[in-house]
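Here's the structure, in structure tokens; my notes come after.
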There are 2 protein chains.
Amino acid sequence: MSIKQQRRGTGSATISDVARLAGFSPMTVSRVINGGGNVKESTRDAINAAIKELNYSPNPAARSLAGVEPIRIGLLYSNPSAAYLSEVLVGSLDRASRIDVQLVVARCEPPENYREAAEHLLERGVHGLILTSPLCDLQEVVDVVTEGDQPVVALAGGKPSDDLITINVDDFEAAHAMTKHLIGLGHRRIGFIIGSPIQAASGRRLEGYRAALAEAGIPADEKLIEQGHFTYRSGLAAADKLMDLAVPPTAVFASNDDMAAAVVAVAHRRGLDVPNDLTVCGFDDTAFASSIWPELTTIRQPIAEMARTAVDMLTDEILAHRAGKSLPREHRIAAFELIKRQSDAPPKNSR
Amino acid sequence: MSIKQQRRGTGSATISDVARLAGFSPMTVSRVINGGGNVKESTRDAINAAIKELNYSPNPAARSLAGVEPIRIGLLYSNPSAAYLSEVLVGSLDRASRIDVQLVVARCEPPENYREAAEHLLERGVHGLILTSPLCDLQEVVDVVTEGDQPVVALAGGKPSDDLITINVDDFEAAHAMTKHLIGLGHRRIGFIIGSPIQAASGRRLEGYRAALAEAGIPADEKLIEQGHFTYRSGLAAADKLMDLAVPPTAVFASNDDMAAAVVAVAHRRGLDVPNDLTVCGFDDTAFASSIWPELTTIRQPIAEMARTAVDMLTDEILAHRAGKSLPREHRIAAFELIKRQSDAPPKNSR
DNA sequence: TTTGTAAAAGTTAGCGCTAACATGCACGCA
DNA sequence: TGCGTGCATGTTAGCGCTAACTTTTACAAA
């Protein structure tokens, strides 16, 4: 007796296996998978059960060969805050390749060419877009990309709205937690450097800071709050002003790492030791945070994870759209993490 | 008369179109494409001509469906010098997706888990590996990944050898050019901070520096040369030593941007203006270079382009390997660029 | 000339999936 | 009873490619 050798095949389950197990034809299975209509509820359930049992997932090559247009997602970035970008890329690529979605990455530098870059992507036929920070906070950019009817995800930024799916950490809670951490160390005069006013997160971070102070019963001192623009240079200026105060802060919480690094630079220039004379902490956990010395205590956003989520959500939207349905725009909140490094310590006088 | 509507199909040429045009069967075309043997020279030429004329390229989905194992390339990185990483990713992904090669990205942090990470990739069935800096300079890592018979490309680092394909800028020429630039500005006492001794590029950069000085007839002063480790912290120490010299340098050329940033920090701490009191320049053009102030004059390696090349070379190797042939290990040199920003100026006394 | 043999080419079938069409069936209405 | 109507499912064929097998051709040895 000869066992017929399978000539090819990956060994994993096929749509026919599922069909056989469920007792229907492959076509019906296909309909269930692709959200097609006209399938009885009980049939759908039986097929889904079979899919689960066989741990089946459709072969993307066969699918695309059979004429289904593969899902393409555009990723628009600018301002290579490089650590951020690489996390975005690693996360989104990882997920995209796993679920066989094409990712088209494009750089754009507002205000010059954002329109062009966006149109370029749309021409390439993308079915959805991911907008990374700080693009999501530029209203013109958002307007351009939401003109069409492709779904758009704003990653770490952007105002939740009906046009935009957003994925963010809770900036308020994160800033609140960091401020509370500083208060816990014994600090009472805590300087704050606000981020760029055009980014929505800046305001939320400021409020988190204020709220933590208020909760601890520490009176707000507006002189301790300086405006910055998320740049190193703006951090230098803000830090100088803070350190020139009659009673300077014992800790400075900057709204991002670039500005925090600038605070460290200013402190050093003035002969202050970080963290013993001045505690400094940042936000974002970019490469900066761990490449300067001392390394910064900061807030980490799970960017890679958020990027993965972005790809998933877009894909769901696109599939729903293809099936003629429509999903409500979701607004996800991801969990942040307070990364404690070497730039924070109790204030001097409290020891 | 009814024109039969094509139900599906992408519209682009298929292997049958090529076969028809060339006057052979699709199978023979397939053989030509896949480097199979037993095709007459004249046939091969005719088919290649037809391929060119129709601008044909095989449909990857159909190919993979027909059972050809898709090419998978592993990319190993560590030490997220993030700008570098993002360039590597953008470049390699761009090319990989265009030629339909799968890229499997993995992080590894020697000395803990490099073996594990490498083995993990190999288990995932990658057919070739890209090793990014600084991994390519760790002999243990290189040993592990070259154990098998997959081809390995060292990107921006590594010693050219029979085991390793390398892609580098000419570190000697680049350091030479930068030093010459400084001499051209009028500097005569130029400090140099050497990179990590374990990376081969460090030595080549030092030699470039020495050669440029020698050419200009400037006597070498060993006190102006300090050892560093490519880290910010090592840059701080080296800069302090240089600035403590009886006759300190008027310019410092650090072997990477992190150390150059540290030199700027030390200068500021000592009340020196950059570039008016001290010229500082770096190497690599990482994010650091343009996020601190003043922005660094530095050497840019075309990392994205080099990454693209890496993917191409590996793919060629893998295809050659599959066809039973073997290509010699190549060692490519890419063109660097001297990026002039705001951290260099003529020395004070020369004005 | 016949035959053997290897090189060069062609044929067949099938990878897994889905579009288009076909069918079956229940239900309501004339 | 017959007949449309619409839902639920099945059948057929083909997407583009290549593995495995078969056939043809070229050419040398018998």
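Heavy atoms only: backbone and side chains are in, while hydrogens, waters and symmetry mates are out. Here is the naming used below: chain letters follow the sequence lines, and residue numbers restart at 1 for every chain. All values derive from a computational prediction rather than experimental measurement.
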Does C:dG16 have OP1 or OP2 under 4.0 Å away from a side-chain N or O of A:N59? no

Could you give the CD1-to-C1' distance, from A:I15 to C:dA19, as a whole number of Å? 13 Å

Taking only side-chain N and O atoms of A:N34, does any of them lie within less than 4.0 angstrom of OP1 or OP2 on C:dT18? yes

N/O donor-acceptor pair, side chain B:R31 with base C:dA9, under 3.5 angstrom: yes

If the threshold is 4.0 Å, N to carboxylate O, is there a salt bridge linking B:E317 and B:R329? yes

Base, sugar-phosphate, or nothing: which does A:T28 touch, judged by heavy atoms less than 4.0 Å apart? sugar-phosphate

For B:I47 and D:dC17, give me the distance from atom CD1 to atom C1', rounded to whole Å. 15 Å

Could you please name the option among D:dC17, D:dA8, C:dC17 that lies closest to any side-chain atom of B:T14? D:dC17

Compare side-chain N and O positions of A:N38 against OP1 and OP2 of D:dA8 and report whether any pair is under 4.0 Å apart. yes

With nearest nucleotide decided by heavy atoms, which residue, B:M27 or B:A62, maps closer to the 5′ end of DNA chain C? B:M27

Rounded distance in Å - NZ (B:K40) to P (D:dA26): 7 Å

What is the distance, to the nearest angstrom, from the CD atom on A:E69 to the P atom on C:dA19? 12 Å

From C:dG10, D:dT18, D:dT11, nucleotide with atom closest to B:V68 side chain: D:dT18

Does the B:T146 side chain pair with the main chain of B:V142, one donor and one acceptor, at a distance under 3.5 Å? yes

Quick note, B:L65 side chain, CB onward, closest among C:dC15, D:dT18, D:dG10 is C:dC15

Report yes or no: does B:N55 contribute a side-chain atom to a donor-acceptor pair with the main-chain N or O of B:K52 at less than 3.5 Å? no

Roughly how many Å is it from CZ in A:R20 to C1' in C:dG16, rounded to a whole number? 13 Å

Looking at the side chain of B:F24, which of D:dG10, C:dG10, C:dG14 is the nearest nucleotide? C:dG10

Separation of C:dG16 atom C1' from A:Y56 atom OH, nearest Å, is 7 Å

Output yes when at least one side-chain N/O atom of B:R63 is less than 4.0 Å from OP1 or OP2 of D:dT18, else no. yes

How would you label the contact of B:S64 with the nucleic acid (heavy atoms, under 4.0 Å): base, sugar-phosphate, or nothing? nothing

Quick check against the 3.5 Å criterion: does A:N48 have a side-chain atom that pairs as donor or acceptor with the backbone of A:R44? yes

Side-chain N,O (A:T43) to OP1/OP2 (D:dT9) below 4.0 Å: yes

Salt-bridged, A:E305 to A:R95, with N to O below 4.0 Å? no

